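Chain letters run A, B, ... following the sequence lines, proteins first and then strands; every chain starts at 1. This one's a predicted model, so the numbers in the text were calculated from it and none came from an experiment.
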Amino acid sequence: MSDFMIRDLLAGKVAEGSQITIKGWVRTRRDSKAGFSFVGVHDGSSFDPIQVLAENTLPNYESEILKLTTACAVIVKGELVPSPAQGQALEIKATSVEVVGWVEEPDTYPMAPKRHSMEYLREQAHLRPRTNIIGAVTRVRHTLAQAVHRYFDQRGFFWIHTPIITASDAEGAGAMFRVSTLDLANLPRTQSGAVDFSQDFFGREAHLTVSGQLNVEAYCLAMSKVYTFGPTFRAENSNTSRHLAEFWMIEPEIAFADLSADADLAEDFLKYIFTALLDERPDDMAFFNKFVDKGCIERLESFVKSSFERVEYTEAVKILEAAAKTQKFEFPVAWGTDLQSEHERYLTEKHFKKPVVVMNYPKEIKAFYMRLNDDGRTVAAMDVLAPGIGEIIGGSQREERLDVLDARILEGGLELEDYWWYRDLRRFGTVPHAGFGLGFERTINYATGIENIRDVIPFPRTPRNADF
RNA sequence: UCCGGCGUAGCUCAGUGGUAGAGCGAUCGGCUGUUAACCGAUUGGUCGUAAGUUCGAAUCUUACCGCCGGAGCCA
């Protein structure tokens, strides 16, 4: 008698008639006065639970089985048999049902077998993985993460564990969380009265990273093809369905590459991970397609079949200016300003009706490290826009010329010394290189149709919320 | 951070100045090779917190706390 995951039983990987053991939690119990009960048992390995037939000849039928409620932990031994009724091909005819853990006070167990609001489930973050929807999200998140690593590994990329703590106080992208061991109630001061960070743990100010990009560039210029995939922290006071204070980001970086190669990589990468998801999680995707977002499977299938449209920013502005004559935009369109989400949605949903890569933006609205184009007014930046969500990837070719990089740093009012090692990369064997950033949670939102980013990460951290 | 909305039973909500309600859940019973079953009964509340107006406040006022949506920032 061997242990099996319910997934393997339902997939037909175990012969009918086999003696088996399963370990899991009760989802539902239905009793028949004919002298038996049906117990749905779930172990997280698949969307569907397996049905256990428990007859009143079992010694603990009256004393325990008839008292099982949702979430009781059980070990079931029995025979895998064909089911005589509709609804499932196989079931387990139990020879023993051992109750490992009971549910105290079933009337107040927070996860009733009914539909709960997503807001309520967030308040029960420790119990919500037991629900159909969060269980499905969990498997999808895992499958996408595995697909990310497999894609890069098979193409010779190295996964670089860039630091979580950074002593660089000049990463640029938004507010940062401070990392310190100083006693907040008794801060050391310098003679001028400022906080004396030389006495802090790192001997200087330190923060949680907002991006692994600058660090990963160093490894790119040695290992050729690299990526980061890890947590990222932003201390912005953002209260939206698309922002987290702690989220996971994927940032590939490739050497001897220009913006076009970067866009090629983004397109191939996204199609790969979404194809893997459709292939490997059909049951979970069917659930999302039925109960969460009726178009999500078709949207993904269409996404992986499309060839991405590529358009210059300048050209995109012309398209939008022409469209503005017949289409009302809340915000005006003009060369030199960033595209609003309504503009991005128009391009990808109405005009091209497919994923779009917008390339070469005005330098004033983009970061200092993006490569200055020959026209002197644009940089080699790109955004990948997808129907139904808008921006899903932001990337660029990096400025590899030291003199141009220095000028851009100074233009931005930044200090050269703060970027000394980043600048070194341009002094010693510099090459054209490029990369992009993909928000992992936003990718899951897009794939599943779940609207709120707090529902696709196990324990969300947002302003005023770090419970659990 | 700004704008808007919402806090009533375990959950989802109704109740807009006069005895606190429904559905679901849970519990008990009935029925059924059942499928988030079905039928009946039972259970269930400091109406977010504090102060105020009033003969009387879930309901009106003020403050605070929390949550949701949109905007900005971005991934």
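- Atom CD1 of Ile365(A) is separated from atom P of C74(B) by 10 Å (rounded to the nearest Å).
- Checking C74(B), G72(B), U27(B) against every side-chain atom of Thr69(A), the shortest atom distance belongs to U27(B).
- Contact annotation: the side chain of Val81(A) never approaches that of Ile92(A) to less than 4.5 Å [non-hydrogen atoms, C-beta and beyond].
- Between C74(B), U34(B), G69(B), one nucleotide has an atom nearer to the side chain of Phe38(A) than all others, and that is U34(B).
- Salt bridge status for Glu205(A) with Arg178(A): present, with a side-chain N to carboxylate O gap under 4.0 Å.
- Residue contacts for Leu244(A): at a heavy-atom cut-off of 4.0 Å it reaches a base atom on one of the strands shown.
- At a threshold of 4.0 angstrom between heavy atoms, the contacts of Gln340(A) are confined to the sugar-phosphate backbone, with no base atom among them.
- In summary, Glu309(A) and Lys354(A) engage in a salt bridge, as defined by a charged side-chain N under 4.0 Å from a carboxylate O.
- Atom pair Arg27(A):CZ and G25(B):P shows a separation of 16 Å (rounding to whole Å applied).
- Between the side chains of Thr232(A) and Arg234(A), no donor-acceptor pair is found at a separation under 3.5 Å.
- Comparing the same atom, P, in A26(B) and in U16(B) gives a spacing of 31 Å after rounding to whole Å.
- Comparing G72(B), G33(B), C11(B) by their nearest atom to the side chain of His116(A) picks out C11(B).
- Of all nucleotides listed (C11(B), U34(B), C74(B)), C74(B) comes nearest to the side chain of Arg234(A).
- For A50(B) and U59(B), the P atoms lie 13 Å apart once the distance is rounded to whole Å.
- Interface remark: the Ser238(A) side chain does not form any donor-acceptor pair with the C74(B) base, using a distance-only criterion of under 3.5 Å.
- Backbone-only contact: Tyr120(A) has heavy atoms under 4.0 Å from sugar-phosphate atoms and none from a base.
- Comparing the same atom, C1', in U27(B) and in G70(B) gives a spacing of 43 Å after rounding to whole Å.
- For Arg29(A) and Asp31(A), the salt-bridge test passes: some basic side-chain N is under 4.0 Å from an acidic carboxylate O.
- As the counterpart of G18(B), C55(B) is assigned, both hydrogen-bonding distances of the Watson-Crick or G-U wobble pattern falling under 3.5 Å.
- Taking atom CE of Met118(A) as the reference point, atom P of C11(B) lies 17 Å away to the nearest angstrom.
- Distance, Arg30(A) CZ to C38(B) P: 11 Å, rounded to whole Å.
- No cation-pi contact links Arg281(A) to Phe287(A), judged by a cut-off of 6.0 Å to the six-membered ring centre and 45° from its axis.
- Distances from the side chain of Pro84(A) to the nucleotides U32(B), G33(B), A36(B) place G33(B) closest.
- Here G33(B) is the nucleotide among U1(B), G33(B), C73(B) with the atom lying nearest to any side-chain atom of Ala34(A).
- Between the C1' atoms of C47(B) and G40(B), the separation comes to 30 Å (whole Å).
- The nucleotide C24(B) finds its pairing partner in G10(B), both defining distances of the Watson-Crick or G-U wobble pair being shorter than 3.5 Å.
- For the C1' atoms, the distance from A36(B) to C24(B) is 11 Å, rounded to whole Å.
- Checked against U34(B), G72(B), C67(B), the side chain of Glu91(A) finds its nearest nucleotide in U34(B).
- Within the structure, a side-chain polar atom (N or O) of Arg454(A) is placed less than 4.0 Å from OP1 or OP2 of C68(B).
- The distance between the ring centers of Phe274(A) and Tyr446(A) falls below 6.0 angstrom.
- Ranked by how close their nearest RNA chain B nucleotide is to the 5' end, Phe36(A) and Asn239(A) are led by Asn239(A).
- With the nearest nucleotide of RNA chain B identified for both Gln51(A) and Asp338(A), Gln51(A) has the one nearer the 5' end.
- Between C67(B), G72(B), U34(B), one nucleotide has an atom nearer to the side chain of Ala85(A) than all others, and that is U34(B).
- When heavy atoms are screened at a 4.0 angstrom cut-off, Arg122(A) is found touching the sugar-phosphate backbone but no base atom.
- Spacing of C1' atoms, C39(B) relative to C68(B), comes out at 38 Å, to the nearest Å.
- In this structure, CG of Asn56(A) is placed 15 Å from P of U32(B), rounded to the nearest angstrom.
- OP1 and OP2 of G69(B) both lie 4.0 Å or more from every side-chain N or O belonging to Arg242(A).
- Pairing for G72(B) is absent, with no Watson-Crick or G-U wobble pair whose two atom distances lie under 3.5 Å.
- As rounded to whole Å, 11 Å separates atom P of G29(B) from atom NZ of Lys67(A).
- Scanning atom types as modelled, no donor and acceptor separated by under 3.5 angstrom connect the side chain of Thr240(A) and the base of G70(B).
- C60(B) and C3(B) are spaced 24 Å apart, taking the C1' atom of each and rounding to whole Å.
- A donor-acceptor contact closer than 3.5 angstrom is absent between the side chains of Asn360(A) and Thr378(A).
- Residue contacts for Gln88(A): at a heavy-atom cut-off of 4.0 Å it reaches a base atom on one of the strands shown.
- Contacts of Arg29(A) with the nucleic acid, taken as non-hydrogen atoms under 4.0 Å apart, are absent.
- Judged purely by distance below 3.5 Å, without hydrogens or angles, the side chains of Ser83(A) and Gln51(A) never pair a donor atom with an acceptor atom.
- For Ser117(A), a side-chain nitrogen or oxygen approaches OP1 or OP2 of U12(B) to under 4.0 Å.
- Rounded to an integer number of Å, the gap from CZ of Arg130(A) to C1' of G25(B) is 17 Å.
- Taking the C1' atoms as reference points, C67(B) lies 15 Å from U12(B), given to the whole Å.
- One atom, CG of Asn452(A), and another, C1' of G70(B), lie 13 Å apart when rounded to the nearest Å.
- Picking from C68(B), C73(B), C67(B) the nucleotide with the shortest atom distance to the side chain of Arg464(A) gives C67(B).
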